[in-house]
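Beneath this line is the structure, given in structure tokens, with notes to follow.
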Amino acid sequence: MAGLLAGNMLRRHQITILEKKQFLPENHTAVLRFRSTAVSDATGIPFDKVKVDKAFWDGERICSSVSLAQANLYSYRVTNGHIHSRSIKNLESEIRHIAPNDFVAQMAKNLQIKFGESCERPRQDHPVISTMPMPVMMKMVGWEEVPDFAFEPIWTVRCKVISPHCHVYQTIYSVCDDSWYRATLQKDLLILEFTADPSHLGLGNVCQKALEIIIGHGINGNHVHIETEDPTINHQPFGKIAAIDEGLRRRFILHLTDKWNIYSLGRFATWRSLLLDNLVDDIKHIEKMITNGCNYERRLTTY
């Protein structure tokens with residue numbers, strides 16, 4: 001999506017997008033919602049403004065707050081052993097902006113995309129914006145100081161809820177073993193996110209139990225008829241990334257720009273955790289550096 005966003009914002013420069021796959025990848029299957037209208041404004045694609053309610057599942061009940069230990073355990077679980085400050089410490093309802101289900105296809109419309117294009121070695125005769133993962137790019141340009149890149153995959157399960165009729169936007173976090181760590185209900189769409197392959201659990205059964213938790217099925221004798229369509233499962237290899245040495249990260253990005261005329265864009269190319277909202281300003285910075293052609297400006301702004 002970073003490359004498609006850049007293509008939309010830089011159309012006047014006759015952008016060509018190279019995609020290794022033979023088709024438009026749908027590799028963003030987790031929750032796709034934004035904290036601002038920046039991406040919607042940049043692409044001209046309308047988003048739905050909604051109020052999202054949040055809660056925490058401790059294995060027995062839905063809670064409106066989490067302890068410090070629970071927040072740390074959640075971080076430990078979703079990052080495979082790292083404890084960072086997590087947003088689940090704040091479970092207040094928040095305004096979010098929801099992209100349409102065909103957001104990727106809409107962004108790709110009327111862009112010049114060459115599918116099945118692999119790159120053995122980047123060209124240097126004109127500026128290139130790269131969204132390749134930094135480990136791949138380091139190998140491509142022969143960078144010797146390669147660190148240990150720690151990353152973890154995630155799996156997402158998506159299914160449409162037929163019954164009951166849902167008209168809410170809710171997110172539930174969990175630290176229960178062998179289960180989802182985040183469940184999101186976006187009207188009639190249920191999205192479950194896992195740190196391990198949930199196929200062996202039975203996807204239909206997993207969705208049923210998640211909905212029972214969210215809806216309160218069985219509490220005080222309350223029983224709700226739950227029916228869903230067949231769920232689908234997706235695998236994202238670079239689901240979670242761990243930070244590398246900050247000095248090394250910046251040196252490599254600067255090296256790409258100085259020597260190769262490559263501008264790194266996005267979460268994987270710059271190897272940092274960020275929101276897609278932030279990329280709008282990043283693309284503006286890159287365009288300014290390319291247009292100015294100033295080496296000092298490049299060194300001043302190293303992502």
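This is a predicted model, so every value here is computed, not measured.
Two rings, from Phe23 and Phe115, have their centers 6.0 Å or more apart.
Taking CG of Leu185 as the reference point, atom CG of Leu190 lies at 6.0 Å (rounded to 0.5 Å). From Ile191, atom CD1 reaches atom CH2 of Trp180 across 13.5 Å, with rounding to the nearest 0.5 Å. Atom CE in Met107 sits 7.0 Å away from atom OG1 in Thr43 (nearest 0.5 Å). Between atom CD1 of residue Ile286 and atom OH of residue Tyr263 there is a gap of 8.5 Å, rounded to the nearest 0.5 Å. To the nearest 0.5 Å, atoms CD1 (Ile88) and OG (Ser75) are separated by 8.5 Å. The CG atom of Leu203 sits 10.0 Å away from atom OG1 of Thr228, with the distance rounded to the nearest 0.5 Å.
Arg182 places none of its side-chain heavy atoms less than 4.5 Å from the side chain of Ile172. When side chains are defined from C-beta on, Lys187 does not count as touching Val168, because their heavy atoms never get closer than 4.5 Å. The side-chain heavy atoms of Met137 and Ile262, taken from C-beta on, include a pair separated by under 4.5 Å. At least one side-chain heavy atom of His225 sits under 4.5 Å from a side-chain heavy atom of Ser163. Between Glu94 and Arg96 there is a side-chain heavy-atom pair separated by less than 4.5 Å. By the 4.5 Å heavy-atom criterion applied to side chains, Val50 and Tyr169 are counted as neighbours. Residues Asn234 and Thr232 form a side-chain contact, since some pair of their non-hydrogen atoms from C-beta on lies under 4.5 Å apart. Residues Phe56 and Ile62 are not in side-chain contact: their nearest non-hydrogen atoms beyond the backbone lie 4.5 Å or more apart.
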#### Entry: side chain to side chain contact (heavy atoms under 4.5 Å, CB included) between Val128 and Asn261, intermediate numbers included
CA-CA 6 Å; Val128 171; Asn261 210 9; over 6 Å; no
Derivation and outcome, side chain to side chain contact (heavy atoms under 4.5 Å, CB included), residues Trp271 and Phe238:
CA-CA 11 Å; Trp271 207 259; Phe238 290 91; 3.9 Å; yes
**OP:** Could you walk me through whether Asp282 and Lys288 pass salt bridge (Lys or Arg N to Asp or Glu O under 4.0 Å), step by step?
**Re:** CA-CA 10 Å; Asp282 290 350; Lys288 181 180 177 182; over 6 Å; no
Worked check of side chain to side chain contact (heavy atoms under 4.5 Å, CB included) between Gln236 and Trp155: CA-CA 6 Å; Gln236 295 179 209; Trp155 287 258; over 6 Å; no
Dump the intermediate steps for side chain to side chain contact (heavy atoms under 4.5 Å, CB included) on Val146 and Lys139, then the final yes or no. CA-CA 8 Å; Val146 179; Lys139 182 178 180 181; over 6 Å; no
Exercise. Begin with the C-alpha distance, continue with both residues' side-chain angles, and end with the deciding distance and a verdict on salt bridge (Lys or Arg N to Asp or Glu O under 4.0 Å) for Lys284 and Glu287.
Key: CA-CA 5 Å; Lys284 291 178 181 177; Glu287 182 180 25; over 6 Å; no
### Message
Set out, in order, the CA-CA distance, both residues' side-chain angles and the distance that settles ring-ring contact (aromatic ring centres under 6.0 Å, His included) for Tyr74 and Tyr173, then state yes or no.
### Response
CA-CA 8 Å; Tyr74 180 84; Tyr173 303 96; 5.6 Å; yes
### Message
For Thr171 and Arg33: C-alpha separation, side-chain torsions, deciding distance, then whether side chain to side chain donor-acceptor pair (under 3.5 Å) applies.
### Response
CA-CA 12 Å; Thr171 294; Arg33 63 189 181 207; 2.4 Å; yes
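No continuous path of hydrophobic side-chain contacts links Ile98 to Phe103 [ILVMFWY only; heavy atoms under 4.5 Å]. When the side chains of ILVMFWY residues are joined at heavy-atom separations under 4.5 Å, either directly or via intervening members, Phe47 and Leu275 end up in two distinct hydrophobic clusters. Leu276 and Val52 fall into different hydrophobic clusters, where Ile, Leu, Val, Met, Phe, Trp and Tyr are joined by side-chain heavy atoms under 4.5 Å apart, directly or via other members. Under a hydrophobic clustering in which Ile, Leu, Val, Met, Phe, Trp and Tyr are joined whenever their side-chain heavy atoms come within less than 4.5 Å, directly or via other members, Leu18 and Leu4 fall into different clusters. Using a 4.5 Å cut-off between side-chain heavy atoms of Ile, Leu, Val, Met, Phe, Trp and Tyr, with links allowed through other members, Ile162 and Ile226 fall into different hydrophobic clusters.
Residue pairs satisfying the salt bridge (charged side-chain N to carboxylate O under 4.0 Å, His left out) criterion with at least one member in residues 103-117, sequence neighbours excluded, are absent.
Side-chain atoms of Asn292 never come within 3.5 Å of backbone atoms of Met289 as a donor-acceptor pair (strictly under, hydrogens ignored). For the pair Asp277 (side chain) and Ser36 (backbone), a donor-acceptor distance under 3.5 Å is present. When atom types are taken as modelled, the side chain of Asp245 and the backbone of Leu248 share a donor-acceptor pair closer than 3.5 angstrom.
Across Gln106 and Pro100, no two heavy atoms sit closer than the pair NE2-CG, 3.6 Å. Between Ser264 and Thr270 the shortest heavy-atom distance is O-CG2, 3.7 Å. The two residues Ile233 and Ser199 make their nearest non-hydrogen contact at CD1-OG, 3.5 Å. For the residue pair Phe151 and Pro237, the shortest heavy atom distance occurs at CD1-O, 3.6 Å. Of all non-hydrogen atoms in Thr131 and Gly3, the two that sit nearest each other are CG2-N, 3.7 Å. Considering all non-hydrogen atoms of both residues, Ser40 and Ile45 come closest at OG-O, 2.6 Å.
Enclosure of atom CZ in Arg61 is not indicated, since only 12 or fewer non-hydrogen atoms of other residues, nucleotides or ligands lie within 6.0 angstrom. For Asp197, the CG atom counts as densely surrounded, since its 6.0 Å shell holds more than 12 non-hydrogen atoms of other residues, nucleotides or ligands. Under a cut-off of 6.0 angstrom, the local environment of CG in Asp230 is sparse, with at most 12 non-hydrogen atoms contributed by other residues, nucleotides or ligands. The neighbour count for His165 NE2, taken as heavy atoms of other residues, nucleotides or ligands under 6.0 Å away, does not exceed 12.
For the residue pair Tyr181/Glu193, the side-chain donor-acceptor check at 3.5 Å is satisfied.
Residues passing the side chain to side chain contact (heavy atoms under 4.5 Å, CB included) test with Asp188 are Lys160, sequence neighbours excluded.
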